[in-house]
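One structure below.
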Amino acid sequence: MIKGLVRNIVKDLRIEFRSKVVISLILSFSVIVTISIGFASGGIIGSPMVHAILLWVIIFFSGMNTSHLFYREIEEHTALFNLMYYSPESIFVSKLIVNCIIMVAVAAIVGLLYLFVMDVSVYNVSGFAIMMLAGSSALAVCTTIIAAITALVQARGGLFTILSFPITLPIITVVIKSTTQCFSKEIYSSWSAILFLLAFSTLLGVVSYILFPYIWREF
Amino acid sequence: MFTIKAHNISKRYSYRLFSNISCSVSTGESVAIVGPNGSGKSTLLKILGNIVSPDSGRIEYFENKEPIPAHTVIHYAGIVAPYIQCYNHLTLTENIIFAFGSVTDDAIELLHRLDMYQHKDKVLHTYSTGMQQRCKIAMALLKKPKVLLLDEPGSNLDDSGRKILFELIKEIQPFTAIIMATNDSREAKLCHRSIVLDKGIGA
């Protein structure tokens, strides 16, 4: 299991750094949207909630591109090749870890870029950092299992969007509310939100781990 | 000793492919699945390898006469087929390390035999289709599989490639159960028995 996990992570990262498909999609989307919002608004967005909404919308749509990690295995006919050597569980966990790495990196880059371009003040830096980490990890867990479910379907793009809506909605709602608190002078009271994100991610991750071998079976 | 036993296998898509096929393959035996295009050779191969489920019928897998779960069969199998590819953004060496952890002496010897050793550090998407087929053969055989599933294994190979493939198949035959879907009569002749798929019925 551990061997399969490590080798799959190394393989996915190596392929990604060579092909640069996901990285380019994420960076082009996030940079263009953030800078466009900055220019269009002229920096006059005052409400912390609007800033929080815009920030998480950018992170959410940038992160959706990580689904390509699973789709690539199907489109390039390498899924069976991988299964010949490693268990479905190790494949799933490796994709989850790679997705988390990419999503956390995306959140960090987009977050810093947004704060810089929009000149937003963060009143609770540690709370904001924890929220970015917990929120992006929770989104990574969601996108991993949704990508796994939809990868074997022909109309995967449409199905991915439809399934993403109910699963990511609770996460987006919670992170927007908590990030708003970080951007305002309110007393930070989002520890329950962080606990919710951790519990939600853990539950979804465990259920996905159990279900994945049944999904990733027929080709 | 690895054994696959299929009982009354049927499969249909929009049209009927085949029905009521029964067969058994054990270590040391080889079976060719032959028939015209669209007769279901690849589908039957996938069903026997538990890659696709049959509509009806039952398949049992045994290792040393003990039944094993169907979903674990892929871990015993080496597959060479058009619907399975090595990682094209990695080199052959990186593919071998991904699958086996290191490039062993056996791997080096096999790469020499397949005339791939000098290309081992090139990224696979720079290979011709024939060279990619040689990679798939290498990756399947290096696994030392208990069951070898071959779907048109000679496709895209030149004469020397086919000759090497035939030699390799003959060498591993005593230790492996081999199932081969093919249109090539020379490949089919390598096998002990044939399943002929015609007009939806296995003969």
Side-chain angles (χ1 to χ4, degrees), chain A residues 1-25 68-95 97-98 151-154 209-219, chain B residues 11 42-43 45-47 49-55 69-102 122-126 129 132 135-149 151:
Chain A
M1 171 83 179
I2 300 294
K3 266 190 212 166
L5 200 65
V6 173
R7 288 179 193 166
N8 264 291
I9 291 170
V10 171
K11 179 260 298 173
D12 276 335
L13 291 174
R14 185 172 276 159
I15 291 176
E16 185 46 44
F17 281 113
R18 279 189 193 156
S19 67
K20 297 180 184 66
V21 174
V22 176
I23 293 171
S24 341
L25 280 170
H68 191 76
L69 288 174
F70 263 115
Y71 294 172
R72 181 158 52 201
E73 295 269 7
I74 296 298
E75 286 162 4
E76 296 183 2
H77 303 285
T78 53
L80 260 179
F81 178 76
N82 201 342
L83 272 176
M84 246 165 56
Y85 304 101
Y86 299 111
S87 65
E89 288 87 352
S90 62
I91 296 173
F92 174 75
V93 177
S94 69
K95 298 273 187 237
I97 292 171
V98 173
L152 297 173
V153 179
Q154 285 222 324
Y209 178 85
I210 295 165
L211 286 179
F212 183 71
Y214 297 94
I215 299 167
W216 209 242
R217 191 168 275 185
E218 288 225 356
F219 294 92
Chain B
K11 184 74 180 178
S42 298
T43 304
L45 187 84
K46 285 181 181 176
I47 290 172
N50 194 47
I51 299 166
V52 164
S53 301
D55 292 340
H71 67 86
T72 63
V73 170
I74 192 145
H75 305 306
Y76 294 88
I79 308 172
V80 179
Y83 41 82
I84 188 165
Q85 299 288 339
C86 306
Y87 287 100
N88 277 336
H89 286 95
L90 302 182
T91 64
L92 181 52
T93 305
E94 287 166 347
N95 270 286
I96 292 171
I97 291 171
F98 164 70
F100 307 107
S102 64
K122 292 177 188 163
V123 177
L124 261 60
H125 66 69
T126 62
T129 47
Q132 290 191 1
C135 290
K136 288 193 227 174
I137 293 165
M139 294 303 293
L141 294 182
L142 281 173
K143 194 181 170 190
K144 296 189 170 55
K146 301 213 166 167
V147 56
L148 187 60
L149 304 172
D151 194 344

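So that the names make sense, note that chain A is the first sequence line, chain B the second, and so on, each numbered from 1. Hydrogens, waters and symmetry mates are skipped; everything else that's a heavy atom, side chains included, is used.
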Engaged part of B:Tyr76 at the chain A interface, taking heavy atoms whose separation is under 4.5 Å: neither
Smallest separation among heavy atoms of B:Ala140 and A:Tyr85, with atom names: N-OH, 4.2 Å
Atom pair CE (A:Met84) and CG (B:Leu149), whose distance is rounded to the nearest 0.5 Å: 9.0 Å
Separation between CZ of B:Phe98 and OG1 of A:Thr78, rounded to the nearest 0.5 Å: 8.5 Å
Per-residue contact mode, B:His75 against chain A (heavy atom under 4.5 angstrom): both
Heavy-atom side-chain proximity of B:Gln85 to A:Phe81 below 4.5 angstrom: no
Chain A interface, residue from B:Gly101, B:Ala77, B:Gly78, B:Pro82 that has the most non-hydrogen pairs under 4.5 Å: B:Gly101
Selection from B:Val73, B:Asn95, B:Ile97, B:Ile79 maximising heavy-atom pairs under 4.5 Å formed with chain A: B:Ile79
Choice from A:Lys3, A:Arg14, A:Arg72, A:Lys11 maximising heavy atom contacts with chain B below 4.5 Å: A:Lys11
Distance in Å, A:Glu16 CD paired with B:His89 NE2, rounded so as to fall on 0.5 Å steps: 9.5 Å
Check: A:His77 and B:Ile84 side chains under 4.5 Å, non-hydrogen atoms: no
Closest heavy-atom pair and its distance - B:Ile74, A:Leu83: CG2-O, 3.8 Å
Where B:Val123 and A:Arg18 come nearest, the two heavy atoms and their spacing: CG2-NH1, 4.5 Å
Interface residue of largest heavy-atom contact number with chain B, from A:Val10, A:Val6, A:Asn8, under 4.5 Å: A:Asn8
